[in-house]
Amino acid sequence: MLRLIWQFVVLVTLAGSLAFVSAACNGGDEGGAQIEPGDRFPVTLTRSDGQELTLESPPQRMVVLSPGHVEILFAIGAGDQVVAVDQNVGFPPEAAAVETRLSGLEPSVEAIVGLDPDLVIVSYDPGDLVETLDGLDIPVFLDNIDVGITSIDGVLDAIEQVGVATGRTAEAQRLVGGLRERVDAVVAAVEDVEEGPRVYHELDETFFTVSPDTFVGDLYNTLKAQNIVGAGEGPFPQLTQEAIIDRNPEVILLADAEFGQTPEVVAARPGWDTIDAVANDRIYAVDPDIFSRPGPRIVDGLEELARLLYPGLFPEEESYQCLVCSAGSA
Amino acid sequence: MLGVLRRQRLSAVEAAALRRPVLGPFALGLAVVTLTAGFALLWGAADIPPATVGLILLHRLGLPIEADWPRSWSAIVWEVRLPRVLLAGLVGATLAYAGATYQGVFRNPLAEPYLLGVAAGAGLGATIVIISPVTFTYGPLSAVAAAAFVGAITATTVTYLLARVGPLVPTTTLILAGVAVGSLATAAISYLMLTNEDRTLPVLSWLLGGFNTASWERVWLLLPYAAIGGLILLPFGRTLNVLQLNEEQARQLGVNVEAVKLTLLAAASLATAAAVAVSGIIGFVGLVVPHVARLLWGPDFRRLLPLSAVLGASFLILADLLARAAAPPHEIPVGIITAFAGAPFFLYLLRRQRRATLYA
């Protein structure tokens, strides 16, 4: 008799726990994935390798191994949908606070799979990672924005696309709208300028620079500045010192000031005192992160460059603080 | 010990005959280097008329010539081109005579100055500094060059200590130790490059070697090492000839083999370390130039050392000319050019070797 009661109690407990567990699992599906008006799922994305990727619903557990995409995602409010970021991410602070940080250069497939992601975003393919993830049926979006984008418009389009992919279309469009307004304002301000100053944007101390065919180069194109490197010579050519001195830039921008190439050091380089930029003290250090990641901050970069290149047209406000300059600059 | 050598002293006539073949070709070699350097000065990304280049040089040397050219041209010729050509010449000469020395000491045609870990050690030192967010200078010495030099010396010393067996340093063990130390340093460099992605470009640029950042400071930096190294090695020409017999026979002929090996390798490595510190790791010069010199002037080390030096200087000046003026305003890494020149030459050497073996 007691035995029967005991069996009955065990059965009820088992059934109850099963029901409870299934309810909890199903309940999890509905949290967070709101499909707003404007979002149309499923969406199909085209990867940089030409293949198509279809997402049935907004991804909630994204592993993002590209700092540029991280900035975009957090800017459009999709930060909650990210579970792991690239270890080089420092901005915005919310992204830097994400606990799980993985290497984008030497990714550990095990670590990625262990996070159970529903979308992995990379900007380039280190060691056949994309192929491996495809084989494991993990959706991976290869979006080569670091080298593939060559203009400001390209960056804005990438932001919109990320918005569509994550179910944040409305926020992305709002953000892009605001950014376009700011870009248009800068373009309008330099409308009357015939020819801008000659500029040299230094990437490192062995004289690598950006050409007009990059999105950084496009910032200078938009400002009508004359890059001392012409188009069609590759995105990041290395120049000889002689060429730089001969082409005589009027403004020099340094992306390597953190590594010792401050304006003072550059001005002291032998033979450089004949360059206009050195003679007129127009050497400025800029934040290398802003000028290397295609994200919403490049518009901050554009506005800052506008102030540096055309001090007359864009006067500084009283409480001006250079948001994009690094420590060693004017 | 010297008694054995004295018995083999030559008559005055023979001695005179042996002296002549060095000075003549050497003087010719110096003339060629000067002409090559002068030629190289005329070319560059800036289109400066040759006559103006000459006038600028004379003006800078103090002659009363009116300066009717833009200041930037004067800066380019005197502060950029001239130190670059001089540095290329010095580095070429150093790598070449160091290479000849290594080939003589190891009695191996594939020996070259980077064998004992100089290149890998220098690379590691330079990489560590390049990835650090602070770059400081010790007066005219940049931190990268200093670290590269220290790294090279450290690696070579470690190789030597590893290979030493009591008072002896067996040649084979030395080579193996050099390979081990080099592999370790290279692995460390790769790891540092991968974990500091934003600095990969400058590190790679340094490792490939080049004279894009050449300056008068670097010329003065290298000159004492190159000169002293050369002066130490020069009198050992005859001893190196004797060393080409195996070490046992050389010992019986009165040569203190261990002391000689140590002196030669130390001097050559020191000079090479200084060269690598100011110009990065430029390959093929130390390997190929002594072979070409041997083909032209024979295997006598009394001739080979100085003549390799002048040949190396001319070669690297020309290679650097291509690096900076073949596709202006771009800079082609000079190591790529020396490799393109060196590889076909090696195929040629290989063919000669095969034919010699075939018909021996």
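In the text below, chain A, chain B and the rest are named by the order of the sequence lines, each starting its count at 1.
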- request: Kindly indicate whether the side chain of A:Phe207, heavy atoms from C-beta on, has any atom under 4.5 Å from the side chain of B:Thr213.
  value: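 Touching, per the 4.5 Å side-chain cut-off.
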- prompt: So do the side chains of B:Leu201 and A:Phe208 get within less than 4.5 Å of each other, counting heavy atoms only?
  reply: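 B:Leu201 reaches A:Phe208 side chain to side chain.
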Quiz: residues 36-59 of chain B side-chain donor-acceptor pairs under 3.5 angstrom, not counting sequence neighbours:
residue, atom, partner, partner atom, Å
B:Thr36, OG1, B:Val32, O, 2.5
B:His59, ND1, B:Ile65, O, 2.9

query: How many angstroms lie between atom CZ of A:Arg269 and atom CD of B:Glu79, to the nearest 0.5 angstrom?
result: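 A:Arg269 CZ to B:Glu79 CD: 14.0 Å, rounded to 0.5 Å.
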CD on A:Gln241 to CZ on B:Arg81, rounded to 0.5 Å: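 B:Arg81 CZ to A:Gln241 CD: 12.5 Å, rounded to 0.5 Å.
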field: Main-chain N/O of A:Leu239 paired to B:Asn212 side chain as donor or acceptor, under 3.5 Å
entry: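 It does hold such a pair.
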- prompt: Going through the distances and angles, do A:Asp246 and B:Trp73 end up as a side chain to side chain contact (heavy atoms under 4.5 Å, CB included)?
  reply: CA-CA 7 Å; A:Asp246 191 44; B:Trp73 281 6; 3.9 Å; yes
Measuring heavy-atom distances to chain A, does [X] have an atom under 4.5 Å in its side chain, in its backbone, in both, or in neither?
{"X": "B:Trp216", "answer": "neither"}
{"X": "B:Ala325", "answer": "neither"}
{"X": "B:Ser72", "answer": "both"}

query: Would the number of heavy atoms belonging to other residues, nucleotides or ligands and lying under 6.0 Å from CG of A:Asp281 be above 12?
result: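 Count not over threshold, so no.
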task: Write down the atom of A:Gly271, the atom of B:Ala75, and the distance for their closest heavy-atom approach.
output: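 Heavy-atom minimum between the residues: O-CB, 3.6 Å.
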- prompt: So which heavy atom on B:Arg71 is nearest to which on A:Thr274, and how close?
  reply: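 Of all heavy-atom pairs spanning B:Arg71 and A:Thr274, the closest is O-CG2, 3.5 Å.
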- prompt: Thinking salt bridges, do B:Arg199 and A:Asp204 make one under a 4.0 Å N-O criterion?
  reply: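 Not counted as a salt bridge, because no side-chain N and carboxylate O are separated by less than 4.0 Å.
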- prompt: Which residue pairs pass the ring pair (Phe, Tyr, Trp, His ring centres under 6.0 Å) test with at least one member in residues 318-342 of chain B, sequence neighbours excluded?
  reply: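 Of all non-adjacent pairs touching residues 318-342 of chain B, none passes ring pair (Phe, Tyr, Trp, His ring centres under 6.0 Å).
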